[in-house]
2 protein chains.
Amino acid sequence: MKVEAKLDPTPEEIVDIFNRALSKEAIVNIFAHCRVFYDGRAKSELGPGDRVIIIKPDGSFLIHQKEKREPVNWQPPGSSVGLEIKDGKLFLKSIRRKPREILEVELLKVYLISYFQAEDYEELALTGSEAEMADLIFENPSLIEEGFKPLFKEKPIKHGIVDVLGKDKDGNIVILELKRRRADLHAVSQLKRYVEAMREEYENVRGILVAPSLTSGAKKLLEKEGLEFRKLEPPKREKSKRGIQKTLFD
Amino acid sequence: MKVEAKLDPTPEEIVDIFNRALSKEAIVNIFAHCRVFYDGRAKSELGPGDRVIIIKPDGSFLIHQKEKREPVNWQPPGSSVGLEIKDGKLFLKSIRRKPREILEVELLKVYLISYFQAEDYEELALTGSEAEMADLIFENPSLIEEGFKPLFKEKPIKHGIVDVLGKDKDGNIVILELKRRRADLHAVSQLKRYVEAMREEYENVRGILVAPSLTSGAKKLLEKEGLEFRKLEPPKREKSKRGIQKTLFD
DNA sequence: GTCTTCATCTCGGAA
DNA sequence: TTCCGAGGTGAAGAC
């Protein structure tokens with residue numbers, strides 16, 4: 001069976017279905033009234049309430065409250081899960097090694113337990129990333145300025161990795177820091193770090209922040225530091241499989 | 001009914017259960033073979049496969065593949081969801097305004113649809129945060145060094161917000177940048193930005209990075225910039241409700 | 001609303 | 001493994 005679901009299961013049925021789901025490498029889904037304890041990089045406690053629990057075959061463990069995009073508690077891929085009965089109470093326990101982290105869920109009442117033996121061979125095709133901004137600049141360097149020559153992508157230097165390293169028409173070294181969204185103070189600090197590292201070894205180093213826009217604080221700091229800004233939106237290209245195949249037949 | 005679940009539902013049942021879930025402000029949970037299209041800050045496409053779909057009453061929309069902690073596609077809280085039939089095909093559509101983003105799921109086959117009218121009045125009590133490191137330092141300033149006097153927490157300065165601002169026993173201004181985990185190049189750049197901003201207005205400004213440890217690159221940059229390091233772990237305090245109440249009766 | 005920063009960030013890639 | 005930086009980052013707090 002690819003999918004199974006049981007409303008108001010008994011403890012025996014919970015154990016039974018849970019084990020069957022594990023053996024099938026299915027995604028487990030539980031609606032429960034529960035308490036949650038976490039200890040690891042930090043430590044937390046969550047009192048009784050209704051939550052949705054998801055356990056994936058790769059060990060990922062998610063506990064969702066009824067609001068927010070983020071799980072209230074979780075365990076990352078690679079964790080090991082088990083279902084235990086202690087003093088007649090049901091506990092889901094997930095353990096991660098390195099760093100050692102423990103997530104424990106006391107199941108006070110299970111409303112629904114289900115599993116889904118999901119088959120999925122597709123990967124997300126996403127466009128509009130920073131990497132595509134870099135590609136775009138290499139294809140059309142004049143988007144930065146006339147005579148700009150991009151030379152390196154993701155170039156490791158003394159204190160970090162430069163997005164794009166090139167030269168301008170006068171032979172000055174130019175460092176580009178790309179941001180796919182509005183650039184902030186952090187982006188300026190990053191660019192400044194690269195420019196200062198390069199200026200230790202070379203003269204005439206320019207730094208350009210390339211982004212769709214700047215925060216007010218970023219603009220102030222950028223100007224004070226003598227760094228530059230070029231407005232550029234991340235491109236949305238045809239990236240889907242269908243799109244790629246289509247062009248093959250054009 | 002607080003919970004409802006239907007295996008292999010017909011399109012009519014899907015619409016029916018979905019609408020009932022919405023009216024009850026329940027969490028909707030769907031096991032489906034589906035395709036996903038997203039357009040907004042970026043743009044993506046995901047071919048056919050089995051996924052778990054969660055729609056929360058606050059508008060959060062999650063699509064999970066069988067691996068990873070992160071949803072492959074999503075919509076944040078505040079989005080508006082709808083279920084439509086086009087050309088006999090079922091589509092879940094979620095729209096967000098500001099920024100405008102559209103998430104569309106073509107439901108090719110629904111294995112299970114369920115909802116959970118979750119009641120939850122509890123909030124996570126977490127300890128081991130950066131804020132608690134700051135509290136700890138204010139309670140015991142000698143953790144930084146003998147004679148250190150912390151003066152401000154989260155103090156806005158020219159180009160950013162300093163974690164802790166204080167003075168040392170010689171009257172020098174001291175800027176602390178706190179990190180709850182191993183500090184990296186970014187943390188050093190951040191501290192450097194604050195120190196340089198303060199040095200524009202004051203003399204004798206020291207910068208100290210306070211963290212459990214440093215990356216190799218962070219150590220190199222920190223030393224080159226004449227900044228300092230103090231090892232400090234984020235404290236794990238008693239923060240649970242039960243714990244707090246317990247101390248009230250002690 | 002904008003801005004700034006933290007996060008049990010997660011994730012991927014490279015050395 | 002550690003290090004480094006992106007992310008449709010999300011979320012919180014301040015203004």
Side-chain angles (χ1 to χ4, degrees), chain A residues 38-44 60-61 67-79 96 98-103 124 126-131 133-134 154 156-157 159-163 177-187 189-190 193-194 213-220 234 236, chain B residues 38-44 60 67-78 96 98-103 124 126-131 133-134 154-157 159-163 177-187 189-190 193 213-220 234 236:
Chain A
Y38 156 74
D39 196 357
R41 288 167 289 178
K43 189 177 200 290
S44 74
S60 307
F61 194 128
E67 292 179 341
K68 303 295 174 197
R69 202 211 77 143
E70 292 302 300
V72 62
N73 281 110
W74 71 91
Q75 204 70 288
S79 310
R96 177 195 197 185
K98 245 290 178 162
R100 181 147 190 99
E101 298 193 285
I102 297 179
L103 182 63
L124 189 72
L126 184 137
T127 182
S129 63
E130 185 191 285
M133 290 177 74
E154 298 294 322
I157 61 165
H159 299 292
I161 302 163
V162 169
D163 280 339
E177 174 56 36
L178 313 182
K179 288 294 163 205
R180 66 169 307 288
R181 57 173 185 174
R182 177 178 272 248
D184 57 12
L185 280 174
H186 183 140
S189 288
Q190 208 179 333
R193 164 154 52 93
Y194 303 149
S213 61
L214 280 180
T215 67
S216 51
K219 185 162 185 284
K220 265 174 42 186
K236 288 183 186 177
Chain B
Y38 155 75
D39 196 359
R41 287 168 292 177
K43 189 175 199 288
S44 73
S60 307
E67 292 179 340
K68 303 295 170 198
R69 202 211 77 143
E70 290 302 300
V72 63
N73 280 111
W74 71 91
Q75 205 69 290
R96 176 196 198 183
K98 218 15 180 91
R100 180 145 190 101
E101 299 193 285
I102 298 180
L103 182 64
L124 189 72
L126 184 138
T127 182
S129 64
E130 186 191 285
M133 289 178 74
E154 298 295 321
K155 175 79 178 162
I157 61 164
H159 299 293
I161 303 163
V162 168
D163 280 339
E177 173 57 34
L178 313 182
K179 288 294 163 206
R180 67 170 307 288
R181 57 174 185 170
R182 178 178 272 246
D184 57 14
L185 282 174
H186 283 69
S189 289
Q190 203 179 339
R193 165 156 48 94
S213 61
L214 280 180
T215 67
S216 52
K219 186 162 186 285
K220 264 173 44 185
K236 288 183 184 175

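Values below: all heavy atoms of this structure, side chains included; hydrogens, waters and symmetry mates excluded. Predicted, not measured: the structure shown is a model, and the values here were computed from it. A note on names: the letters A, B, ... follow the listed sequences, proteins ahead of strands, and every chain is numbered from 1.
When the side-chain nitrogen and oxygen atoms of A/Gln190 are compared with OP1 and OP2 of D/dA6, one or more of them lie within a distance under 4.0 Å. Taking side-chain N and O atoms only, A/Tyr194 has no distance below 4.0 Å to OP1 or OP2 of D/dC4. Between A/Lys219 and C/dT2, a side-chain N or O to OP1/OP2 separation shorter than 4.0 Å is absent. Taking 4.0 angstrom as the limit, A/Arg100 places none of its side-chain polar atoms (N or O) nearer than this to OP1 or OP2 of C/dT8. The phosphate of D/dC3 (OP1 or OP2) has a side-chain N or O of B/Ser216 nearer than 4.0 angstrom. Put simply, B/His186 has no side-chain N or O that comes within less than 4.0 Å of OP1 or OP2 on D/dC4.
Atom NZ in A/Lys236 sits 8.5 Å away from atom OG1 in A/Thr127 (nearest 0.5 Å). B/Leu178 contributes atom CG, which lies 10.5 Å from atom OG of B/Ser129 (distance to the nearest 0.5 angstrom). The distance from the NE2 atom of A/His186 to the OG1 atom of A/Thr215 is 12.0 Å, given to the nearest 0.5 Å. Note that CD1 of B/Ile161 and CD of B/Glu154 are 6.5 Å apart. Values are rounded to the nearest 0.5 Å. Atoms CD and CZ, on B/Gln75 and B/Arg96 in that order, are 6.5 Å from each other to the nearest 0.5 Å.
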Check your understanding: Could you write nucleotides 7-15 of chain D as a row of B, S and -, 5' to 3', where a protein heavy atom under 4.0 Å of any base atom gives B, of only sugar-phosphate atoms gives S, and otherwise -?
Key -> SBBSSS---
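The distance from atom CD of A/Glu154 to atom C1' of D/dA6 is 9 Å, rounded to the nearest whole Å. Across the protein-nucleic acid pair, B/Leu185 atom CG and D/dA6 atom C1' stand 15 Å apart, rounded to whole Å. Rounding to whole angstrom units, NZ of residue B/Lys155 and P of C/dT5 are separated by 15 Å. Whole-Å rounding puts the B/Arg182 CZ to D/dC3 P distance at 4 Å. Rounded to whole Å, the distance from CD on A/Glu177 to C1' on D/dC4 is 12 Å. Per the geometry, NZ belonging to B/Lys220 stands 14 Å off C1' belonging to D/dT2, to the nearest Å.
A/Arg193 and A/Gly160 make their closest contact through NH1-CA, 4.0 Å (heavy atoms, listed as atom of the first residue, atom of the second, distance). Taking all atoms of both residues into account, the shortest heavy-atom contact from A/Gly128 to A/Arg180 is O-NE, 2.8 Å.
Across all strands, B/Gly217 comes closer than 4.0 Å only to sugar-phosphate atoms, never to a base (heavy-atom distances). Contacts of B/Asp184 with the nucleic acid, taken as non-hydrogen atoms under 4.0 Å apart, are absent.
For the C1' atoms, the distance linking D/dG7 with D/dA11 amounts to 14 Å, nearest Å. Of the P atoms belonging to C/dT8 and C/dT4, the separation is 23 Å, rounded to the nearest Å. C/dA7 sits 15 Å from D/dA6 when the C1' atoms are compared, rounded to a whole Å.
Side chains of B/Ser213 and B/Arg182: a donor on one and an acceptor on the other come within 3.5 Å.
Closest approach to the B/Lys98 side chain among D/dT1, C/dG1, D/dA6 is made by C/dG1 (side chain taken as heavy atoms from C-beta onward).
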